[in-house]
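Here is the structure we will look at.
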Amino acid sequence: MAATPPPTSEELTQAANAADGTQVEGNGAAAEEPKKKKKKKKKKKKGLPGDLIGGNAEYVAAQRAKQTDPPTKPVRRLFKNAALFPAGELMQYEDNGVRYSSAEKRAEERATREWIDNWRLGAEVHRQVRAHAQKHIRPGMLLREIAELVENTARVLIDENGLEAGLGFPCGVSVNNCAAHYTPNPDDEDIALQSGDVLKVDFGVHYQGAIVDSAWTWCDDPVKQPLLDAVRAATEAGIKAAGIDVRLVDVGAAIEEVMTSYEVEIDGEVYPVQPVNNLFGHSIEPYIIHAGHSVPIIANQTGVTGRMEENMTYAIETFGSIAGRAHVVENGDSSHFMLEPHARGRIGLKSAQQLLNFIKRTFNTLPFCRRWLHRAGQTRHAGALSYLVKNGFISSHPPLLDSAGSLVAQYEHTILLKPTCKEVVSRGDDY
Ligand code: HZT
Ligand code: MN
Ligand code: MN
């Protein structure tokens, strides 16, 4: 067999977003310029990844240019049809292109095409929302304002519609030694972002249950930039290591190796960057943010067995810590809550039964926060909610804190292990 060099990730993505007559036929690009050349040639290019790919790069740029500033247009309506939603970054598996050029695998992928489009739409919304947030976040803003800026923009761009389309989970705005799962509660004291803070913005959007979960770290202090660089590089290493049949422990090892190759010098003190040893990435299933498989971020995580699987979606997220224990504990009032779908039994409190009914109708199994209950008119939910948590109908997810004085950074992407190639669906030009 001729040894054709396998395409690089960049070539793959370019191929996917390349101007290609087969991709834009009878759709957006054609709509852009009225048909001058009628039926030029109806060649079915047997290109890779064939008909599985998103719209071409020029078309995508042109549709993005139609968004307003601030963004107000639902992203879905910027694109002529779902097949033209932009692809994420396509990465070949480490198999010398066997899956990539397999007709059987391409056929399997075609069967999941609609799901891939759902993720691509959520990802494009995520990119546009975070670009807007990144332009506006500055010291002095309240964490509540940041979370609401993100969530309000995301609601509009995903064209929120009941459980069909909406937010995937509350926008986390966790600062410094808080690694994750802080979002303001309705009655929380206001906290302003300060210069030098290490802020993790972690939010999700979903379309028909396909949740895009992605996060970045904001910090305006250049001295701490190596911490952010370390975690971003570690997340990239995890993405690169990920693949069908790859052992989860090997993903953790790749992440730890890269993360620990960095150090940060602050005031003459040198701090090694350490992965937080009890945080994980996770598999994602429709309407389920944590579907049961955990992706370690250290080499020798206890209890981790098993491999990544074909057609599964994973959130690859890493957390790096300096000047602390690199270990988080649950601390403080919860802001993140989720229905326990299998909980059974009698509810002996009428207000709790009513709140549970509301939660099932409104969020189903998607995580929610107290601010979202409040804005939906459930302003006096505190007693009923704590009853539901105490009795196992609702799980609570408190803020996750490393030791006082530590600084934690996070980067996260959602990736699809498609039959022919992996897609870093939430990839943007920012991270
Ligand atoms: C749980 C509850 C929520 C999932 C990860 C995560 C934000 O830490 C196994 C691995 C929202 C998300 C989650 F309300 N968590 N990603 N983005 N949080 S997790 C987890 O609980 S369980 C990771
Ligand atoms: Mn997340
Ligand atoms: Mn996650």
Side-chain angles (χ1 to χ4, degrees), residues 70 72 125-126 129 132-133 136-137 140-175 178 180-193 199-206 211 213 215 287 289 330-341 343 347 349-401:
T72 57
V125 169
H126 201 286
V129 170
H132 180 60
H136 290 269
I137 293 175
M141 265 180 101
L142 304 181
L143 298 182
R144 183 189 312 278
E145 292 175 327
I146 296 170
E148 287 178 353
L149 176 71
V150 167
E151 291 172 359
N152 292 341
T153 309
R155 287 182 199 280
V156 174
L157 297 201
I158 198 69
D159 203 9
E160 184 176 42
N161 174 25
L163 285 165
E164 273 289 300
L167 303 179
F169 54 86
C171 178
V173 283
S174 306
V175 169
C178 180
H181 295 176
Y182 175 75
T183 201
N185 277 329
D187 38 12
D188 275 7
E189 55 157 327
D190 279 329
I191 302 170
L193 181 65
L199 166 72
K200 284 73 66 180
V201 184
D202 188 345
F203 75 101
V205 291
H206 80 90
I211 306 168
D213 178 3
Y287 294 101
I289 186 62
E330 297 183 343
N331 191 292
D333 290 347
S334 290
S335 56
H336 290 47
F337 299 86
M338 198 165 27
L339 180 69
E340 283 290 330
I347 297 182
L349 185 67
K350 197 175 161 209
S351 63
Q353 181 60 259
Q354 285 169 345
L355 182 64
L356 186 63
N357 293 345
F358 175 84
I359 288 165
K360 283 182 177 168
R361 269 203 314 277
T362 312
F363 310 115
N364 195 355
T365 53
L366 294 168
F368 61 93
C369 61
R370 294 188 49 210
R371 282 185 296 106
W372 295 0
L373 293 175
H374 203 271
R375 70 185 284 286
Q378 304 279 337
T379 52
R380 293 158 63 90
H381 58 257
L385 182 60
S386 57
Y387 177 98
L388 292 171
V389 171
K390 262 196 215 101
N391 290 280
F393 294 95
I394 298 283
S395 60
S396 77
H397 304 265
L400 297 168
L401 269 58

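The figures that follow rest on heavy atoms only: side chains count, while hydrogens, waters and symmetry mates do not.
- For Asn185, the side-chain hydrogen bond (donor to acceptor under 3.5 Å, both in side chains) criterion is met by no residue, not counting sequence neighbours.
- Annotation for Leu163 and His206: closest pair O-CE1, 3.1 Å, computed over non-hydrogen atoms.
- Partners of Gln354 under the side chain to side chain contact (heavy atoms under 4.5 Å, CB included) rule, at least two apart in sequence or in another chain, are Lys350.
- Ring orientation note: the planes of Phe363 and Phe368 are close to parallel, at an angle under 30° on the 30°/60° scale.
- Taking every heavy atom of both residues into account, Lys200 and Val175 meet most closely at NZ-C, 3.7 Å.
- Checking side-chain atoms of Thr183 against main-chain N and O of Ser335 turns up no donor-acceptor pair under 3.5 Å.
- The side-chain heavy atoms of Leu401 and Tyr182, taken from C-beta on, include no pair separated by under 4.5 Å.
- Here the side chains of Leu149 and Glu145 are not in contact, with every heavy-atom distance at 4.5 Å or above.
- The closest side-chain heavy-atom distance from Leu356 to Leu339 is below 4.5 Å.
- Residues Leu157 and His132 form no side-chain contact, since every pair of their non-hydrogen atoms from C-beta on lies 4.5 Å or further apart.
- Between the side chain of His374 and the main chain of Cys369, no donor-acceptor pair closer than 3.5 Å is present.
- Contacts of Thr72 classified as side-chain hydrogen bond (donor to acceptor under 3.5 Å, both in side chains), with partners at least two apart in sequence or in another chain: Thr68.
- Using a 4.5 Å cut-off on side-chain heavy atoms (C-beta onward), Leu373 and Thr362 make no contact.
- Legend: salt bridge (charged side-chain N to carboxylate O under 4.0 Å, His left out) pairs involving residues 366-381, not counting sequence neighbours, sorted by first then second residue: Glu151-Arg371, Asp187-Arg370.
- In this structure, Ile191 and Val173 have side chains that are not in contact, with every pair of non-hydrogen atoms separated by 4.5 Å or more.
- Checked against side-chain hydrogen bond (donor to acceptor under 3.5 Å, both in side chains), His397 has the following partners two or more places apart in sequence or in another chain: Ser395.
- Here the shortest heavy-atom pairing between Ile289 and Pro367 reads CG2-CG, 3.6 Å.
- Proximity of Leu385 to Gln378: side-chain heavy atoms (C-beta onward) are nowhere separated by under 4.5 Å.
- Interatomic distance, CH2 of Trp372 versus SG of Cys171, reported as 9.0 Å (0.5 Å rounding).
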key: Worked check of side chain to side chain contact (heavy atoms under 4.5 Å, CB included) between Val201 and Ile137   = CA-CA 10 Å; Val201 184; Ile137 293 175; 4.1 Å; yes

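- Residues Val129 and Ile158 form no side-chain contact, since every pair of their non-hydrogen atoms from C-beta on lies 4.5 Å or further apart.
- Using a distance-only test at 3.5 Å, with no hydrogens or angles considered, a donor-acceptor pair links the side chain of Ser386 to the main chain of Gly383.
- By the side-chain hydrogen bond (donor to acceptor under 3.5 Å, both in side chains) test, Glu330 is found to be paired with no residue, residues two or more places apart in sequence or in another chain being considered.
- The CD1 atom of Ile394 sits 12.0 Å away from the OG atom of Ser334 when rounded to the nearest 0.5 Å.
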